[in-house]
Amino acid sequence: GAVVSQHPSWVICKSGTSVKIECRSLDFQATTMFWYRQFPKQSLMLMATSNEGSKATYEQGVEKDKFLINHASLTLSTLTVTSAHPEDSSFYICSAWTGAYEQYFGPGTRLTVT
Amino acid sequence: AQKVTQAQTEISVVEKEDVTLDCVYETRDTTYYLFWYKQPPSGELVFLIRRNSFDEQNEISGRYSWNFQKSTSSFNFTITASQVVDSAVYFCALSEENRDDKIIFGKGTRLHILP
């Protein structure tokens, strides 16, 4: 099946700094990718839809200036958490559609803000 | 409104028992897709099944089976002869064709298989 990778798999940063998370589709092109956030023992919450070559679409309640999404190519979307705070600590997961109506999820990135 | 309800927050069963995880969904669309995912402690989502709204046939894959009933808007998942390795969080999810293919997840059911 298709493979989606995320980098880094885990990151620790200090409060106030910015962190970039990459999501790559390794063997297919993805015009649309999605970013989810999962707090401990909770479900995945959709944050935004990342569209190649255009602005991301954010879900209600998600701060677009805090969570910057860039989908610069058909195989790469990045999520930058700006001015991170401890409450941003979470598990971030991306997913990508192959175009054959199959969606694949990345392995996730665990962010800890100290 | 698009909604997925997994009423069972946590279930514990003894190994080799059968267990059914419930999923009830809400949608106004006639074309939609239902999913089940497994999330082991590592965190990586494992795709189990996708079923479209026009296919109500039940499916069996090894010890796993799914019962899709549109009349009750349910898509239940049964594990037969459970094993310790089945311990994980299981998510039921829904996507609608006219909603940009977003997958909306239920809150998940944490399954403990006791040896």
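Quick caveat: nothing in here was measured; it's all calculated off a predicted structure.
- Taking the six-membered ring for Trp, A/Y104 and B/F47 have ring centres at least 6.0 Å apart.
- A/S43 contributes no side-chain N or O that, together with a main-chain N or O of B/G108, makes up a donor-acceptor pair within less than 3.5 Å.
- Counting heavy atoms of neighbouring residues, nucleotides and ligands inside a 6.0 Å radius, atom NZ of B/K38 exceeds 12 of them.
- Nearest approach of A/F91 to B/G43, heavy atoms of both residues: CE2-O, 3.4 Å.
- Linking ILVMFWY side-chain heavy atoms closer than 4.5 Å, directly or via other members, places B/V19 and B/F77 in a single hydrophobic cluster.
- By the 6.0 Å contact criterion, NZ on A/K66 is enclosed, its count of non-hydrogen atoms from other residues, nucleotides or ligands being greater than 12.
- Annotation: side chain of B/R110 is in contact with side chain of A/K41 (closest heavy-atom distance under 4.5 Å).
- Linking Ile, Leu, Val, Met, Phe, Trp and Tyr whenever their side-chain heavy atoms come within less than 4.5 Å leaves A/I21 and A/M45 in two separate clusters.
- Heavy atoms of A/Q6 lying under 4.5 Å from chain B are absent altogether.
- Cluster annotation: B/I49 and B/L111 are assigned to the same hydrophobic cluster (Ile/Leu/Val/Met/Phe/Trp/Tyr, side-chain heavy-atom contacts under 4.5 Å, transitive).
- Residue B/S95 holds its OG atom at 8.5 Å from CZ of A/F34, rounded to the nearest 0.5 Å.
- Heavy atoms of B/Q6 lying under 4.5 Å from chain A are absent altogether.
- Going from atom CD of B/Q39 over to atom CD1 of A/I93 covers 5.5 Å, rounded to the nearest 0.5 Å.
- A/W97 and A/L79 are not part of a single hydrophobic cluster, where members link through side-chain heavy atoms under 4.5 Å apart.
- Atom NE2 of A/H7 has 12 or fewer neighbouring heavy atoms from other residues, nucleotides or ligands inside a 6.0 Å radius.
- Counting heavy atoms of neighbouring residues, nucleotides and ligands inside a 6.0 Å radius, atom NZ of B/K70 exceeds 12 of them.
- Looking at B/Y33 and A/Q103, their side chains never come closer than 4.5 Å, going by heavy atoms from C-beta outward.
- A centroid separation of less than 6.0 Å is found between the aromatic rings of A/F105 and B/F105.
- Contact of the B/Y37 side chain with the A/L44 side chain is not registered, since no non-hydrogen atoms from C-beta on lie closer than 4.5 Å.
- Considering OG of A/S95 and NZ of B/K102, their distance stands at 12.0 Å, rounded to 0.5 Å.
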